[in-house]
Amino acid sequence: MKIYNKLLSHFGIQYWWPAETKYEVVIGAIITQNISWKNVEKALNNLKNEDLIDEKRILKINTEKLKELIKPAGFYNIKAERLKNITKYIVDNYKTTDELAKTEKDTNILRNELLNIKGVGKETADSILLYALDRKIFVVDAYTRRIFSRYGIINKDMDYDEIRLIFEDNIIPSLNIYKEYHALIVELGKNYCKKKNPLCNTCPLNLYCRKLFNKFY
DNA sequence: CTCCGGTAAT
DNA sequence: ATTACTGGAG
């Protein structure tokens, strides 16, 4: 929580996830996989121009056309398939993402349903659970691993869920804090705790970060 | 461990 | 010209 507060006062509230509808969160979660958000925005704009932020229309459009529209996001062949897969799951089982969000099902049940979809791994599932379905699940991504292993709190090669539980066991279980914390981690990862040449001198977390005292991190 | 892949920053 | 990017599957 100390780190969260430090990041919050440095970056301010992030208001994540940036999307107008729940289904747009789902689309963004798929096409942002291992891609910078800049590229995702282009793909999302292409879809919006065709009025395709809609479950039924995405299912209806032919896959080749969909590939062209999301091409700026990279990995477009597999992502088009993945987007079809998760959309089919939503429509077949809940009709819409808004209806999916209303289900009474336990979060772990829902998580397993998402993980059974080809193209949805833990981070994508958790992003959807947290930001589209308002479930209290902490999202772990590459930035989280990098920042907190450098800092000295986790081990770089820990299991995904092990890291997730470390966060869930140690921060206030508030939906908004979960949402903002992950957003703040991304912000720090992009702007300071970069893979190469991290800006440790001006980093808001540099006071207790072990990276400054150990060149092997 | 390798592939998927266009885009913007370095 | 090279690298990194809000991963996941085979």
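Treat the numbers as computed from the prediction; the structure is a model and nothing was measured. All chains are named by letter (A, B, ...) in the order of the sequence lines, taking the proteins before the strands, and each is independently numbered beginning at 1.
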May I ask you to say what [X] touches in the nucleic acid, namely base, sugar-phosphate or nothing, with a heavy-atom cut-off under 4.0 Å?
X       : value
A29(A)  : nothing
I117(A) : sugar-phosphate
K118(A) : sugar-phosphate
G121(A) : sugar-phosphate
V40(A)  : nothing
K38(A)  : nothing

When you check the phosphate oxygens OP1 and OP2 of [N], does a side-chain N or O of [X] lie under 4.0 Å from one of them?
X       : N      : value
R146(A) : dC5(C) : yes
N39(A)  : dT7(B) : no
K194(A) : dA9(B) : no
T32(A)  : dG7(C) : no

Nearest 0.5 Å please: distance from the CG atom of N34(A) over to the CG atom of N39(A). 11.0 Å
Hey, is NZ on K88(A) packed in by over 12 heavy atoms from elsewhere, all under 6.0 Å? no
Atom NZ of residue position K6(A) - does it have more than 12 heavy atoms of other residues, nucleotides or ligands inside 6.0 Å? no
In whole angstroms, how far is the [atom2] atom of [N] from the [atom1] atom of [X]?
X       : N      : atom1 : atom2 : result
L114(A) : dG8(C) : CG    : P     : 12 Å
N45(A)  : dT7(B) : CG    : C1'   : 15 Å
K196(A) : dT3(C) : NZ    : P     : 5 Å
D141(A) : dA4(C) : CG    : P     : 16 Å
N34(A)  : dT3(C) : CG    : P     : 16 Å
N46(A)  : dG6(B) : CG    : P     : 14 Å
I86(A)  : dA9(C) : CD1   : C1'   : 15 Å
N116(A) : dA9(C) : CG    : P     : 10 Å

I'd like to check D126(A) versus L129(A) (side-chain heavy atoms, cut-off strictly below 4.5 Å). Are they in contact? yes
Hey, which sits more toward the 5' end of DNA chain B by its nearest nucleotide, Y76(A) or K42(A)? Y76(A)
Between N197(A) and Q33(A), just flag the one whose closest nucleotide in DNA chain B comes earlier from the 5' side. Q33(A)
Out of dG7(C), dT7(B), dC5(C), minimum distance to the side chain of S36(A) belongs to dC5(C)
Choosing from dT3(C), dG10(C), dG7(C), which nucleotide comes nearest the side chain of T124(A)? dG7(C)
Between dT3(C) and dT2(B), how many Å separate the two P atoms, rounded to a whole number? 16 Å
Which heavy atom of R135(A) sits nearest to which heavy atom of D106(A), and what is that distance? NH1-C, 3.8 Å
When the nearest nucleotide of DNA chain C is assigned to K195(A) and to A125(A) on a heavy-atom basis, which residue is associated with the more 5' position? K195(A)
Just do the side chain to side chain donor-acceptor pair (under 3.5 Å) check on E123(A) and Y160(A) with the steps written out, would you? CA-CA 9 Å; E123(A) 184 185 336; Y160(A) 179 100; over 6 Å; no
